[in-house]
Amino acid sequence: MKNVLYAQLIGAAAMLTITLSVQCRKKKHMMMVQSAAHMLYAFQYALLGAFSAAFMDAIAVLRNMLFYKYDKNKKQVPLYLTITVLFVTGLIGYLNYTNPLSLLPVIIAMLYTIGASFKDPKVYKYVFGFCAIAWLFYNLKFKAYVCIIGNIMEITSTTIALIRDTKNSKKKKRKKSSSK
């Protein structure tokens, strides 16, 4: 029972961290904030006995650290690196397979990896929102109640960020066309 309480508290910290990450305008900043959140999520899922998810969050921390280097230097993540991370994710998912539900974190982690490989932060935000919906179902099954609230907040925050980004890009286009 103690582990469940600790898991919910750690989940609350992770939830707040990852929800705020989508508000970052630069992808490299989003990835660093999300690395901290994924580390917390890994601890939470381990305490709840959801080891497939715990491993996928640990991989997410490593992936973000690797991909951050490229985003920081404004370079495209090399395809070989993306494929390597996808392979390792799939391998660890295979080794931790217990039931069909244990595949969901693996699929989500792979989607995050693909989204993070794009330079455009908007692509990453769309993938992030879609994955938050998938996590919602997983968290319902494992009774990660704080994370369920967090998933709803992530979906809302992502929607707000995407709407804001769209408005800002329209303003920039209008300014460019009026200055010509």
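All of these numbers come straight from a predicted model, not from anything done at the bench.
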What distance do [X] atom [atom1] and [Y] atom [atom2] have between them, rounded to the nearest 0.5 Å?
| X | Y | atom1 | atom2 | answer |
| --- | --- | --- | --- | --- |
| Met31 | Tyr112 | CE | OH | 12.0 Å |
| Asp57 | Ser52 | CG | OG | 10.0 Å |
| Asn3 | Gln8 | CG | CD | 11.0 Å |
| Ile149 | Glu154 | CD1 | CD | 12.0 Å |
| Asn96 | Leu91 | CG | CG | 9.5 Å |
| Tyr126 | Leu162 | OH | CG | 5.0 Å |

**Asked** Are Lys122 and Asp165 close enough for a salt bridge, meaning some N to O gap below 4.0 Å?
**Response**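 Asp165 and Lys122: not salt-bridged.
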Ignoring hydrogens, what is the shortest heavy-atom contact between [X] and [Y]? Give both atom names and the distance.
| X | Y | result |
| --- | --- | --- |
| Met30 | Ser21 | CG-O, 2.9 Å |
| Met153 | Met15 | SD-SD, 3.8 Å |
| Lys72 | Lys28 | CA-CD, 3.8 Å |
| Val22 | Ala161 | O-CB, 3.6 Å |
| Lys125 | Thr158 | O-CG2, 3.1 Å |
| Thr113 | Phe67 | O-CE2, 3.6 Å |

**Request:** Count the heavy atoms belonging to other residues, nucleotides or ligands that lie under 6.0 Å from CZ of Phe130, then report whether that count exceeds 12.
**Result:** no
**Message:** So for atom CZ, which belongs to Phe137, do other residues, nucleotides or ligands contribute more than 12 heavy atoms lying within a distance under 6.0 Å?
**Reply:** no
**Asked** Is a donor on one side and an acceptor on the other found under 3.5 Å between the side chain of Thr19 and the backbone of Leu16?
**Response**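 Flag not set: sc Thr19 to bb Leu16 has no pair under 3.5 Å.
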**Message:** Using only atom types and a distance under 3.5 Å, with no angle test, would you say the side chain of Gln76 pairs donor to acceptor with the backbone of Ser117?
**Reply:**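 Pair found, side chain donor or acceptor close to backbone of Ser117.
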May I ask whether [X] and [Y] are part of the same hydrophobic cluster, defined by side-chain heavy atoms of I, L, V, M, F, W, Y residues being less than 4.5 angstrom apart, directly or through others?
| X | Y | result |
| --- | --- | --- |
| Met65 | Tyr68 | yes |
| Phe87 | Leu95 | yes |
| Ile59 | Phe51 | yes |
| Leu86 | Phe118 | yes |
| Val33 | Leu40 | no |

**Item:** Intermediate values then yes/no, side chain to side chain contact (heavy atoms under 4.5 Å, CB included), Arg25 and Arg164
**Value:** CA-CA 10 Å; Arg25 290 205 166 107; Arg164 184 193 67 221; 3.6 Å; yes
**Asked** Where does the angle between the aromatic ring planes of Phe128 and Tyr124 fall among parallel (under 30°), tilted (30 to 60°) and perpendicular (over 60°)?
**Response** tilted
Would you say [X] and [Y] make side-chain contact, with heavy atoms under 4.5 Å?
| X | Y | answer |
| --- | --- | --- |
| Pro105 | Trp135 | yes |
| Tyr6 | Leu48 | no |
| Val106 | Met56 | yes |

